[in-house]
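Owing to the predicted nature of the structure, the values given are computational and were not obtained by experimental measurement.
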Amino acid sequence: MAQTTTSVNACDVALWIDNASGTLKDCSGSSNAVTMNFTKNIGDLRTFQQTWPVRLSCGKDGTFNLVAVYSTATDEAADILKNWYFAANEPALRTVKVYIPDKNVGSDVYAGEFVMESLDIPASSGEAGPIQLTAVLRPSGEFTLTTNAT
C-alpha cells in the first residue's frame, strides 16, 4: 500500500462549548488540546475446557479531556468551564462539539451533551507560561460522529 497523502494534524481543530445561556461558543483560540477517549462495556465468558474467552459488548461510554488557557475574557474556554463548574443548576448539561481537522464542510464532528466531572486549575508561582486548566467531561446519553455539512 502506498503512503497516505490525506493525514491531518490538530492545528486547526475547532472546539465549541455551550456557555451558561446555552449558546455554542468557539473556544478554539483559548484551548490547545482535547483528548477523546471512547470505551465499550465488555463482558467475558470462559467455560470449562476452553482456552479462549468469548466476549460480548453492550454499551458505550467516553470521556473528553480538555486543556484550556486561563484567560480573563468572557466566553473563552476558561470562563465557560469555570462558570459550568460553579453553576448552581446541577447536573448542568452542555453541548460540546469537536471538529477535526477544522470546521469546514466534510470535517468530522464529535458532539454530544456532557456533564463536567472535574476541573483542575494548576497555579504555580514558578511557572512563567500561562496557566493551563484541564477539564474532564462525560457524555450524558449518546454522543455522535457525523460529517460537517455547513
Min side-chain heavy-atom separation [X]-[Y] under 4.5 Å:
{"X": "C58", "Y": "N41", "answer": "no"}
{"X": "V67", "Y": "N65", "answer": "no"}
{"X": "N148", "Y": "T150", "answer": "yes"}
{"X": "L93", "Y": "V115", "answer": "yes"}
{"X": "T144", "Y": "Y110", "answer": "no"}
{"X": "E127", "Y": "S125", "answer": "no"}
{"X": "R94", "Y": "W84", "answer": "yes"}
{"X": "L119", "Y": "T134", "answer": "no"}

Check for me, please, whether Y70 and V136 land in the same ILVMFWY cluster - side-chain distances under 4.5 Å, paths through other members count.
no
Going hydrophobic residue to hydrophobic residue with side-chain gaps under 4.5 angstrom, can you get from F86 over to V96?
yes
Electrostatic pair R138-D61, nearest N-O below 4.0 angstrom:
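Salt bridge flag = yes for D61 with R138.
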Are E113 and S140 close enough that a side-chain donor and a side-chain acceptor fall under 3.5 Å?
no
T74 versus D79, side-chain donor and acceptor atoms under 3.5 Å
no
How is the hydrophobic cluster of Y99 composed, in terms of its other members, when Ile, Leu, Val, Met, Phe, Trp and Tyr link through side-chain heavy atoms under 4.5 Å apart, directly or indirectly?
W16, L24, V109
[X] versus [Y], closest heavy-atom pair with distance:
{"X": "K82", "Y": "S71", "answer": "NZ-O, 4.5 Å"}
{"X": "R46", "Y": "Q50", "answer": "CG-O, 4.0 Å"}
{"X": "A78", "Y": "V69", "answer": "CB-O, 3.5 Å"}

From [atom1] ([X]) to [atom2] ([Y]), nearest 0.5 Å:
{"X": "T95", "Y": "D18", "atom1": "OG1", "atom2": "CG", "result": "4.0 Å"}
{"X": "L45", "Y": "T47", "atom1": "CG", "atom2": "OG1", "result": "6.0 Å"}
{"X": "K25", "Y": "I80", "atom1": "NZ", "atom2": "CD1", "result": "7.5 Å"}
{"X": "D26", "Y": "K97", "atom1": "CG", "atom2": "NZ", "result": "12.5 Å"}
{"X": "C27", "Y": "N32", "atom1": "SG", "atom2": "CG", "result": "12.5 Å"}
{"X": "L137", "Y": "L66", "atom1": "CG", "atom2": "CG", "result": "4.5 Å"}

Using atom types as modelled and distance alone, determine if a side-chain donor or acceptor of [X] lies under 3.5 Å from a backbone N or O of [Y].
{"X": "T23", "Y": "N19", "result": "no"}
{"X": "S28", "Y": "L15", "result": "yes"}
{"X": "S107", "Y": "D102", "result": "yes"}

Evaluate the side-chain contact (heavy atoms from CB on, under 4.5 Å) criterion for residues T39 and K60: first the C-alpha distance (whole Å), next the side-chain angles of each, then the deciding distance (0.1 Å), finally the verdict.
CA-CA 6 Å; T39 58; K60 298 178 182 180; over 6 Å; no
Which class fits the ring pair F143 and F64: parallel under 30°, tilted 30 to 60°, perpendicular over 60°?
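Rings of F143 and F64: perpendicular, over 60°.
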When the side chains of residues 5-12 are checked against the rest of the protein, which donor-acceptor pairs come out under 3.5 Å, sequence neighbours left out?
{"unit_1": "T6", "atom_1": "OG1", "unit_2": "T4", "atom_2": "OG1", "d": "3.1"}
{"unit_1": "N9", "atom_1": "OD1", "unit_2": "C11", "atom_2": "N", "d": "3.1"}

If you apply the rule side-chain contact (heavy atoms from CB on, under 4.5 Å), what do you find for D120 with L133, and how did you get there?
CA-CA 6 Å; D120 296 313; L133 55 84; over 6 Å; no
